[in-house]
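Notes for the one structure printed next.
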Amino acid sequence: MPELPDVEGFRRVLAKNGLRKAIVRVVVRDARILGKLSARTFAARLQGARLVAARRHGKHLMAKIDRGGWLTLHFGLTGALQFVPASGEEPAFTRVRLDFAGDGGLAYTNKRMIGRVGLVEDAADFITAEGLGPDALDKRFDFAAFDAAVSRSKRDVKAVLMDQAIMAGIGNIYSDEILFQARIDPAERIDKLAPGQRKRLFLKARAVLKAASAHGAGSERFAERTPKGSLLPERRKGGICPSCRSPLKIFKLGGRTGYCCPRCQGC
DNA sequence: CGTTATGTTCGATG
DNA sequence: GCATCGAACATAAC
């Protein structure tokens, strides 16, 4: 599920339900999600502490700990964060849970174990260490900066969009939507695009991510009530172009399966 | 049983 | 050095 709009939804969950409450219990159901970090160290750092700020960068979510440092959450392919009321049942595939004083808790779930929960001292250092470029919705990252970063690359546009070092937050699903909205062939080399096309690509990336984030839900939820003309609901076997009704083409690029409209995108 | 999956990384290869 | 490709990670769902 989790690309930028999904993680933005999780950030809201955290901001709404997880801030300024004392953490009375830290449950680690599967320590593998912590990587090398031990469950004991992790729990000790959070037990009795409070989360005081929630920040998202690309597909990463970070929560500032009042005693210092940050809790980091990465969702991989199947991760999610949800609030669990005090009386509520723990969701399936919960790997880590933080319980708050008298008021439920937050459950980090992850069906497949691809994803990470961790602790870092500094948020900016973490972003650097992860090799992340600017967040795709960061207003300071404008077209000029994007163009400078990509115009000399020879890679295909889809790979560039998904490159977290150039711009953080876009994955396989949203790259398809963005390329469809921009009417660009995913396999086209980015340096072969006319400057106007690159600009359109950048603006559509912004627009698609912004609209999806505003729905406050993940790409799955988004797919149920996407704006008219979205590729997303048709992104399946047998799907047709929402614009010209042509059967969508299914292709492979860099090991990922993508969808595009041969007629509208010339793919 | 085989196939596929929203992310990332690593090694081999061109 | 750069880019591409496949495999790996771990697991459920179709």
Side-chain angles (χ1 to χ4, degrees), chain A residues 1-11 29-36 56-61 72-82 91-96 108-118 126-133 135-136 149-180 186-192 205 208-209 212-213 215-224 226 230-239 248 250-260:
Chain A
M1 217 218 313
E3 296 183 35
L4 185 151
D6 316 276
V7 180
E8 180 60 19
F10 302 147
R11 187 193 65 74
R29 293 258 178 253
D30 194 325
R32 286 176 301 173
I33 207 71
L34 301 175
K36 286 185 198 156
R56 182 191 58 71
H57 189 102
K59 304 171 187 172
H60 291 265
L61 182 60
T72 61
L73 304 169
H74 187 256
F75 300 92
L77 280 83
T78 54
L81 185 71
Q82 49 188 292
F93 309 113
T94 295
R95 309 303 182 184
V96 170
Y108 169 93
T109 61
N110 204 327
K111 198 186 311 184
R112 296 168 67 184
M113 293 289 293
I114 299 170
R116 277 285 173 277
V117 174
F126 173 67
I127 290 164
T128 305
E130 290 286 316
L132 301 177
D135 182 79
V150 305
S151 59
R152 280 191 310 277
S153 169
K154 294 175 181 161
R155 301 161 71 197
D156 57 83
V157 271
K158 185 170 166 75
V160 169
L161 279 183
M162 294 198 296
D163 187 341
Q164 304 302 300
I166 292 170
M167 176 165 68
I170 301 168
N172 196 28
I173 290 196
Y174 280 100
S175 62
D176 277 359
E177 183 66 50
I178 290 163
L179 288 160
F180 174 70
E188 182 72 89
R189 273 169 51 167
I190 191 133
D191 60 329
K192 300 283 188 194
V208 166
L209 295 173
S213 298
H215 279 267
S219 43
E220 282 173 351
R221 192 78 57 84
F222 181 59
E224 293 163 12
T226 42
S230 296
L231 180 74
L232 242 142
E234 294 296 329
R235 204 182 172 284
R236 55 185 161 73
K237 228 178 179 174
L248 295 179
I250 302 176
F251 61 93
K252 288 245 188 228
L253 253 188
R256 314 302 300 276
T257 303
Y259 294 72
C260 61

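Letters go in sequence order (proteins before strands), and every chain restarts at 1. Below, all heavy atoms of this structure are taken into account, side chains as well, without hydrogens, waters or symmetry copies.
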Sidechain N-carboxylate O distance under 4.0 Å for A/Arg56, A/Asp135: yes
Base, sugar-phosphate or nothing for A/Phe75? Non-hydrogen atoms, less than 4.0 Å. nothing
Does B/dG7 have OP1 or OP2 sitting under 4.0 Å from an N or O in the side chain of A/His74? no
Separation of atom CG in A/Leu161 from atom P in B/dT8, rounded to whole Å: 14 Å
A/Arg155 side-chain N/O to C/dT4 phosphate OP1/OP2 under 4.0 Å: yes
When you get a sec, tell me which of C/dC9, B/dA5, C/dA13 is the closest nucleotide to the side chain of A/Leu77? B/dA5
Check this for me, if you would: do A/Asp191 and A/Arg155 make a salt bridge, where the nitrogen-to-carboxylate-oxygen distance has to be below 4.0 angstrom? no
Of the non-hydrogen atoms in A/Glu177 and A/Val208, which two are nearest, and what is the gap between them? CG-CG1, 3.7 Å
Using the P atoms only, state how far B/dT3 lies from C/dG6, rounded to an integer number of Å. 15 Å
Without decimals, in angstroms, what is the distance between A/Arg152 CZ and C/dG1 P? 17 Å
Could you tell me whether A/Arg256 contacts a base, only the sugar-phosphate backbone, or nothing, with contacts defined as non-hydrogen atoms closer than 4.0 Å? base
Rounding to an integer number of Å, can you tell me how far A/Arg32 CZ sits from C/dC9 C1'? 10 Å
Between A/Phe126 and A/His60, is the ring centroid distance below 6.0 Å? yes
So what's C/dA10 paired with, Watson-Crick or G-U wobble, going by both distances under 3.5 Å? none
Closest to the side chain of A/Lys252, out of B/dG7, B/dA5, B/dT8, is B/dA5
Whole angstroms only, please: what is the CG-P distance between A/Asp176 and B/dG7? 10 Å
Of A/Ala159 and A/Arg95, whose closest DNA chain C nucleotide lies nearer the 5' terminus? A/Ala159
Between A/Asn110 and A/Tyr108, a side-chain donor and acceptor under 3.5 Å: yes
When all nucleic acid strands are considered with a 4.0 Å heavy-atom cut-off, which category describes A/Gly255: base, sugar-phosphate, or nothing? nothing
A/Asn172 CG - B/dA5 C1' separation (whole Å): 10 Å
A/Ile170 CD1 to B/dG7 P: how many Å, rounded? 11 Å
Nucleotide B/dT9, atom C1' - distance to CZ of A/Arg112 in whole Å: 14 Å
Measure from the side-chain heavy atoms of A/Glu3 and tell me the nearest of B/dG7, C/dA13, B/dT9. B/dG7
Rounding to a whole Å, what distance do you find between A/Phe93:CZ and B/dA5:C1'? 14 Å
Starting from the 5' end of DNA chain B, give me the residue, A/Lys59 or A/Thr257, whose nearest nucleotide shows up first. A/Thr257
